[in-house]
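Report on the structure given below.
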Amino acid sequence: MDIEDLHPWPSSAEEGLALQERLRGLVREEPGPAEVRTVAGLDVSYADDRVAAAVVVLDAATLLPVESAVAVERPSFPYIPGLFAFRELPALLSALRRLETVPDLLVCDGHGRAHFRRFGLACHLGLLTGLPAMGVGKTFLVGEHVEPGRERGSFTDLVHEGEVVGRTVRTQTGVRPVYVSVGHRVDLDAVTRHVLALSPSYRLPETTRRADRLSREALRAPESGPASAPPPASAPPGR
DNA sequence: GCGACAG
DNA sequence: ATCTTGTCGC
C-alpha cells in the first residue's frame, strides 16, 4: 500500500482547508536529527499541463550528489495560496518513491510552519513521509519581521499571530534573505544551521538549485533522460 | 469592505 | 511557476 492511500486527498479548496486543519496537530518540532549524512532537495517545474518533480540527494558533508529521481505528471490541483502543497505533493511523492536512498532530511522549496495554518508544504511532505523536513521559501508568505543584518549568517524571527513560525536568513552577504521554517521532526535552530551549511556560494541552498535544474531538464526531454536509450536513427539499421 | 497571499 | 532584453556589477 502506498503512503498516499493512507490519507484522503481533497477535491476542493474547502476539503483541502479541512484536511490541513486536521493534520496540523501531527507535526513534530524537535531538536533532531542527531546526524544528517544525506540531504534531499526537492523542486517542481511546470510546462503546459505537465508538472515535473525532482529530488536530488546530496552528501551533507561534501554537498556532492549521491542520487536523484524525477517524476512527470499532470497537475491535479490548482495553485491556491495556502493550499500549494496539494498541487505539488503527488509528483514529489512519486519522485521520492523512485529513490533508493532514504534521506536524513528533506529541504523543500516553499514554507513549513510559516504558513497561514502552520501547515505548509514542508510540514505536509514531512508528515506523509515520516522524514525530518524543512522549508526554504524564496519569497515572503506570512509573519512580521525586521530585516536581518546585511552579512551572511544574520537572521531574524518571523512572527505570525504572536508565534515564532520561522526565520528570515541572509545566506550570502548583500543578497535578499530566504524564509525558512520547520517542516517536521526538526527545530528552528537546526533549520537555520542547515540552510546556511547548504548555501556556501549562492542565495539558495545547493539542494534547491540542483533539484530546480533537474526538474527543468525533465520537462525539456519528455521521453528521454540521463539513463535512457539513444534516439532512433533517421534511417533504421538492417537490410 | 479592502488588502495580502509559497510555486 | 512562466512569459522575457537589456543591463548593472564583480
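Throughout, a chain's letter reflects where its sequence line sits, starting with A, and its residues are numbered from 1.
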* Let me know which of A/Glu163, A/Glu21, A/His111 forms a side chain to side chain donor-acceptor pair (under 3.5 Å) with A/Arg118. => A/Glu163
* Polar side-chain atom of A/Asp104 near backbone of A/Val39 as donor-acceptor pair, under 3.5 Å -> no
* Check: A/Arg152 main-chain N/O paired with A/Thr173 side-chain donor or acceptor under 3.5 Å -> yes
Please list each protein N or O that sits under 3.5 Å from an N or O in nucleotides 4-7 of chain B, with the distance.
unit_1: B/dA6; atom_1: OP2; unit_2: A/Tyr79; atom_2: OH; d: 2.4
unit_1: B/dA6; atom_1: O4'; unit_2: A/His111; atom_2: ND1; d: 3.3
unit_1: B/dA6; atom_1: O3'; unit_2: A/Thr139; atom_2: OG1; d: 3.4
unit_1: B/dA6; atom_1: N7; unit_2: A/Gly82; atom_2: N; d: 3.2
unit_1: B/dA6; atom_1: N6; unit_2: A/Gly82; atom_2: O; d: 3.2
unit_1: B/dA6; atom_1: N6; unit_2: A/His115; atom_2: NE2; d: 3.3
unit_1: B/dA6; atom_1: N1; unit_2: A/Leu121; atom_2: N; d: 3.1
unit_1: B/dA6; atom_1: N3; unit_2: A/His111; atom_2: N; d: 3.1
unit_1: B/dG7; atom_1: OP1; unit_2: A/Lys138; atom_2: N; d: 2.9
unit_1: B/dG7; atom_1: OP2; unit_2: A/Thr139; atom_2: OG1; d: 2.7
unit_1: B/dG7; atom_1: O3'; unit_2: A/Asp109; atom_2: OD2; d: 3.0

* Geometric cation-pi criterion A/Arg113 and A/Phe119, 6.0 Å radius, 45° cone -> no
* To do: Could you tell me whether a side-chain N or O of A/Thr208 sits under 3.5 Å from a main-chain N or O of A/Leu204, the two making a donor and an acceptor?
  => no
